[in-house]
Amino acid sequence: MAASAKRRRGWRKRLGALARFTGALVIVGGLYSAFSPSLYAQESEANAIDSEAVKGQELYDTSCISCHGDNGEGVEGRGPSLIGVGSAAVEFQVNTGRMPMAAQGAQAPSTDYPVFTEEEAEWLGAYIEYLGGGAGTPEDLDAMVDEADVAAGGDLYRVNCSSCHGYAGGGGALSSGAHAPSLEGVSNEEIYQAMLTGPQNMPVFADNELTPEQKAELIAYVQYLVNEDRDPGGVFTLGRFGPATEGLAIFLVGMTALLLTTLWIAGKS
């Protein structure tokens, strides 16, 4: 009987161990079922982001890699590094037609016919941001500009921008064959991206120098400045280069008129 009791105790131990193992499996399975949907959602969102970067990499490998390198590290004498420039810089260069650059020169000129669409520019920006991060454009930029203080933007423009782009936004020549382009017809996004990234000879106005709100004020003033409906020059804008051009025109026209008048009076006397 002692042997029979011993066998029963052994079976009870085995059954207890099996019950505990089964209970542990049930608990683990329940926890997995509870948390697996969110894990799948996170994985799906990550894959969606990666898909834009993958599309951007395909475009990069066919149009940008020869100048900017295999991983955006740049190629000496051809193109700078893109690590850390962010999507804002890429979208500005691509959407304005400056990149891909047709030929090496002092400055990449803008064109009216960009090689890539705005969506493709976003893909390229996503890939470059994936490589090294960087700054982007606020999604509510247009609303920020609409609510901005135009007068405060005028003060910022005269201090930071007028020396290159002119008092009337008409642009101007710089050293070494470069130039500051006209601001007429430039979108809010392009102006913000240019300030944020400093393309070519333009300095970088990071958020610690000009806050996003100040950038919006400056953009509001630029759009006010180049609006043809409010052009104080009327039909004769003289290139919108500001008081220097207007003063020269007045001097030449006035002196010529005075000279002709003097000669006419002398001939009559």
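Residue numbers run from 1 in the order of the sequence given. Everything numeric in this text was worked out from a predicted model, so none of it was measured. Atoms considered below: every heavy atom in the structure, side chains included; atoms not considered: hydrogens, waters and symmetry mates.
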Looking at Ser66, is its backbone amide N or carbonyl O close enough to the side chain of Arg78 to form a donor-acceptor pair, meaning the two atoms are under 3.5 Å apart? yes
CD/Glu190 to CD/Gln193 distance, rounded to the nearest 0.5 angstrom? 7.0 Å
All heavy atoms of Tyr192 vs all of Gly136, minimum pair found to be CE2-O, 4.3 Å
On a heavy-atom basis, which atom in Ser81 and which in Glu73 lie closest, and how many Å separate them? CB-O, 3.3 Å
Which residues end up grouped with Leu263 if you chain together Ile, Leu, Val, Met, Phe, Trp and Tyr wherever their side-chain heavy atoms are less than 4.5 Å apart? Leu259
Applying salt bridge (Lys or Arg N to Asp or Glu O under 4.0 Å) to Arg158 and not counting sequence neighbours gives Asp155
Give every residue pair that meets the salt bridge (Lys or Arg N to Asp or Glu O under 4.0 Å) criterion with at least one member in residues 212-221, sequence neighbours excluded. Asp207-Lys215
What's the spacing between Glu184 CD and Leu225 CG if we round to 0.5 Å? 10.0 Å
Roughly how far, to the nearest 0.5 Å, is CD of Glu58 from OG of Ser63? 11.5 Å
Mark yes or no for whether Gln223, through its side chain, and Ala220, through its backbone, hold a donor-acceptor pair below 3.5 Å. no
In one Ile/Leu/Val/Met/Phe/Trp/Tyr side-chain cluster, 4.5 Å: Met99, Phe92: no
To the nearest 0.5 angstrom, please state how far the CG atom of Asn95 sits from the OG atom of Ser110. 12.0 Å
Under the side chain to side chain contact (heavy atoms under 4.5 Å, CB included) criterion, do Cys164 and Leu174 qualify, and how do the steps go? CA-CA 7 Å; Cys164 294; Leu174 302 176; 4.0 Å; yes
Keeping the roles fixed (side chain from His165, backbone from Pro181), state whether a donor-acceptor pair exists under 3.5 Å. yes
Can you list every pair that meets ring-ring contact (aromatic ring centres under 6.0 Å, His included) and has a residue in residues 114-138, with sequence neighbours left out? Tyr60-Tyr127
How far apart are the C-alpha atoms of Gln200 and Arg98, what are their side-chain angles, what is the distance that settles it, and do they pass the side chain to side chain contact (heavy atoms under 4.5 Å, CB included) test? CA-CA 11 Å; Gln200 270 88 58; Arg98 289 176 165 87; 3.9 Å; yes
Apply the hydrophobic cluster definition, ILVMFWY joined by side-chain contacts under 4.5 Å directly or through others, and give me every member besides Ile265. Trp264
Hydrophobic cluster membership, Met144 vs Leu156, 4.5 Å side-chain cutoff: no
Enumerate the residue pairs fulfilling salt bridge (Lys or Arg N to Asp or Glu O under 4.0 Å) with a member in residues 109-131, sequence neighbours excluded, ordered by first and then second residue. none
Checking Leu82 against Val90 for the side chain to side chain contact (heavy atoms under 4.5 Å, CB included) test, could you report, in this order, the C-alpha distance in whole Å, the side-chain angles of both residues, the deciding distance, and whether it holds? CA-CA 9 Å; Leu82 299 178; Val90 176; 5.5 Å; no
Main-chain N/O of Pro80 paired with His68 side-chain donor or acceptor, under 3.5 Å: yes
Do Val94 and Leu131 share a hydrophobic cluster, counting only Ile, Leu, Val, Met, Phe, Trp and Tyr and linking them when any side-chain heavy atoms are less than 4.5 Å apart? yes
So CG of Leu124 and CD of Glu91: to nearest 0.5 Å the spacing works out to 9.5 Å
Using every non-hydrogen atom in the two residues, find where Gly170 and Ser182 come nearest and quote the distance to one decimal. O-CB, 3.6 Å
Hey, does the side chain of Thr96 reach the backbone of Thr111 with a donor-acceptor pair shorter than 3.5 angstrom? no
Are Val115 and Ile65 connected into the same hydrophobic cluster when the rule is that any two of I, L, V, M, F, W, Y join if their side-chain heavy atoms are below 4.5 Å apart? yes
Linking I/L/V/M/F/W/Y whenever any side-chain heavy atoms sit under 4.5 Å apart, do Leu196 and Tyr221 land together? yes
Using a 3.5 Å distance criterion without hydrogens, assess whether the side chain of Asp149 forms a donor-acceptor pair with backbone atoms of Ala151. yes
So do Cys64 and Leu59 actually touch side chain to side chain, heavy atoms under 4.5 Å? no
Hey, which of Leu183, Val150, Val145 is the one that makes side chain to side chain contact (heavy atoms under 4.5 Å, CB included) with Ile219? Val145
As a quick check of understanding, evaluate side chain to side chain contact (heavy atoms under 4.5 Å, CB included) for Ile191 and Met195, giving each step before the final call. CA-CA 6 Å; Ile191 299 174; Met195 287 190 287; 4.0 Å; yes
Between Glu189 and Thr137, is there a side-chain donor-acceptor contact under 3.5 Å, judged purely by atom types and distance? no
